[in-house]
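The structure appears right after this line, and notes come after that.
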Amino acid sequence: MKKLLLGNAAVAQGAYEAGVRFVSSYPGTPSTEITEIIATYPEDEVYCEWAPNEKVAAEAVIGAAIAGGRAMTCCKHVGLNVMADPVFTDSYIGVNGGAVFCVADDPGMHSSQNEQDSRHYAKASKIPMLEPSDSLECKEFTRMAFDLSEQYDTPVFVRLSTRVSHSQSLVEIGERKEIPLKDYKKDIPKNVMMPAMAIKRHVVVEERTDKLIKFAEDTPLNKIENNGSKIGVITNGISYEYSREALGDKVNYFKLGLVWPLPVNSLKEFAEKCDEVYVIEELDPFIEEHCRAIGIKVHGKECFTLLGEYTPAMIKKAVLGEDSAEFTGINEEIPARPPVLCPGCPHRGTFYVLSKLGLTVSGDIGCYTLGAVAPLSSVDTTICMGASISASHGMAKVRGKEFNSKLVSVIGDSTFMHSGITGLSDIVYNKGANTVIILDNSITGMTGHQDNPTTGKTIRGEATKQVDLIKLCKALGIEHVTVADPFDVKNFEAVVKEETARDEVSVIIAQRPCALLKTVKYTGHCEISDKCRKCKMCMKLGCPAISVDKNGNVSIDVTQCNGCGLCIGVCPFGAIEKKD
């Protein structure tokens, strides 16, 4: 049976067919759907969970593999940074049951704070990496990754990109292969990475790498397409699909499905049959540098770019010198559509108050990063998950007490569990006086409403222990923990003023659920009455439902307004009314 599947769904299917028993991940676009789909498979066949962060997920997967079960974790490229510590050590340990680390890069930064090429991690950690170019290969490569993992006693990377993860193609659906648990035996020299053991395991890693390099020469993961051309293209992943669309059969292809380790002899033989060779790869010149290092003369980044995604038109121009339209153009001027917090978003009230008070805001990763966008323009910094708290500690220590009274951190409930707790303990331990605002919207919002330790539900929706943020903060030594509704603007403003004035660390839990949750039942819509004096205070909220025309008349679009009522509390003249 064939199905049209997203690349992510195909990875899930491949893992399922390969007999995966344990999957632990933290959601991160563009990888999130893999774990969500695995959670739909029978629980008695696959155990699946959301972990607090990627490092925890990787460690759990490594433990499951040591215990003899096939295991997998999935993350986005910046999530791999978080899990790098256990991943590098697992390269030395190896596996018992197969272990697969699936990482999805994001060329073009559709939902990320940087562009990062995860192939460097494969080379640095000496872990083999497979890269599919369509959904069929997503399934097959994932299935093969588990076999390779056990054959070579190594974890295996499967690398995706946004376009592969979120594009669809036909996939042949197979049956699940039940893989018995491998026997577990106590093996201190292999599994305990103290220096004396690690020195010996490094020898094993280098021997394994030599074997994998030989495997790379003739593996079916790499494919050569000889079209009788004098132009050769060496490519991988989604770049292969773009190249096929742009160049067709006018060139020969060396398609790399195993992107580390890379072959040597077969690449040289391919290049010798061509007058010109192009390396077409998004992001860094990873394959290009390898080719140059082994003596192959290639055209690479001087013809393309280090920035963003490629297009067929770009490739056609660079290789064949032929122009083609990127897309069918529209003559009409299209208005800009910047990202914006949803109507009814609980974060809007928080950032309205912080902006009004003129505070310096150390921001974090989540929907609330949009607090930096006009007209709220509130967030000063965004670095990485959890950095809002740690960075504000450094800011306060450098600039002193007066600056600290105008400084707050904002962090979501899921991000706080991910990597904010340690930063908060750092402030307490080192006698800081920062104010931290935990934006508790009862869900992991940015990646599409995944549960986390603060929601009281597992990935399968089962009830579980719920982290009490108040007790947790108090356990860290924080005396002043206040819960406030950010839609009660006057009270929330008073709370922020009170807590930032303290000469000790304090926490505000801004508690209101995401407006898109099924349990949130806003009704009716808001309207502007004849009391409006065109002061435009409501426009400072940045709500997409509220607009002003060229004559200064304010209106509320009933098709976008969900009746949350935040604007009612902001209007100084009572000119906004709720209509059911």
Side-chain angles (χ1 to χ4, degrees), residues 3-65 67 69-76 79 82-83 97-104 111 135 138-139 142-143 145-146 158 160 164-166 168 171 173-179 413-414 417-418 442-467 514 516-519:
K3 282 187 177 181
L4 195 63
L5 293 182
L6 284 176
N8 282 348
V11 170
Q13 180 66 25
Y16 176 73
E17 291 181 17
V20 68
R21 289 174 176 264
F22 183 94
V23 178
S24 180
S25 306
Y26 183 83
T29 307
S31 72
T32 306
E33 296 89 353
I34 303 171
T35 307
E36 289 181 322
I37 291 167
I38 288 174
T40 67
Y41 294 124
E43 191 172 4
D44 61 344
E45 294 179 324
V46 186
Y47 172 81
C48 186
E49 67 177 25
W50 288 129
N53 64 33
E54 294 87 353
K55 180 177 183 289
V56 171
E59 290 162 347
V61 162
I62 292 167
R70 289 190 163 186
M72 181 171 75
T73 184
C74 310
C75 65
K76 66 184 297 174
V82 178
M83 68 165 66
V100 172
F101 304 135
C102 187
V103 55
S111 57
S135 296
C138 282
K139 193 203 86 163
T142 303
R143 184 180 56 78
F146 283 100
V158 174
L160 307 174
V164 173
S165 289
H166 291 161
Q168 298 185 75
V171 175
I173 303 300
E175 297 294 323
R176 177 175 170 83
K177 184 179 180 181
E178 289 299 337
I179 306 295
D413 52 337
S414 179
M417 296 305 302
H418 179 284
S442 307
I443 204 71
T444 308
M446 181 175 64
T447 48
H449 288 177
Q450 292 80 30
D451 284 293
N452 64 68
T454 71
T455 68
K457 292 182 180 179
T458 69
I459 192 172
R460 297 182 186 269
E462 300 165 338
T464 185
K465 294 286 186 180
Q466 182 177 8
V467 171
C514 172
L516 300 183
L517 290 177
K518 293 179 181 179
T519 54

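Note that the numbering runs from 1 along the sequence shown for the chain.
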Closest non-hydrogen atom pair between [X] and [Y], with its separation:
| X | Y | value |
| --- | --- | --- |
| A145 | V158 | CB-CG2, 3.8 Å |
| E36 | G448 | OE2-O, 4.5 Å |
| V56 | A51 | CG1-CB, 4.2 Å |
| S31 | A104 | CB-CB, 3.9 Å |

Taking C-beta and beyond as the side chain, do [X] and [Y] meet within less than 4.5 Å on heavy atoms?
| X | Y | result |
| --- | --- | --- |
| K76 | V103 | no |
| E43 | E462 | yes |
| Q466 | P453 | no |
| T458 | W50 | no |

Main-chain N/O of A18 paired with R70 side-chain donor or acceptor, under 3.5 Å: yes
Donor-acceptor contact present, side-chain S135 to main-chain V171, <3.5 Å: no
Side-chain H-bond candidate by donor/acceptor type, Y26 with T35, under 3.5 Å: no
Pair listing, salt bridge (charged side-chain N to carboxylate O under 4.0 Å, His left out) test, anchored in [range], at least two apart:
| range | value |
| --- | --- |
| residues 48-62 | K55-E59 |
| residues 443-458 | none |
| residues 7-27 | E17-K139 |

Can you tell me how far the [atom1] atom of [X] sits from the [atom2] atom of [Y], to the nearest 0.5 Å?
| X | Y | atom1 | atom2 | result |
| --- | --- | --- | --- | --- |
| I173 | Q13 | CD1 | CD | 4.0 Å |
| K177 | I179 | NZ | CD1 | 4.5 Å |
| T40 | R460 | OG1 | CZ | 8.0 Å |
| S24 | I62 | OG | CD1 | 11.0 Å |
| M72 | F101 | CE | CZ | 11.5 Å |
| I34 | C138 | CD1 | SG | 8.0 Å |

Under the side-chain hydrogen bond (donor to acceptor under 3.5 Å, both in side chains) test, residues paired with T142 that sit two or more places apart: none
Only counting residues at least two apart or in another chain, list the ones meeting side chain to side chain contact (heavy atoms under 4.5 Å, CB included) with [X].
| X | answer |
| --- | --- |
| T447 | P27, T29, T32, T444, Q450 |
| A71 | F22, V61, A64 |
| L517 | S442, I443, H449, P513, C514, T519, V520 |
| E178 | E45, R176 |

Single hit among V23, L160, T73, N8 for side-chain contact (heavy atoms from CB on, under 4.5 Å) with C102: L160
For Y16, all residues meeting ring-ring contact (aromatic ring centres under 6.0 Å, His included), sequence neighbours excluded: Y41
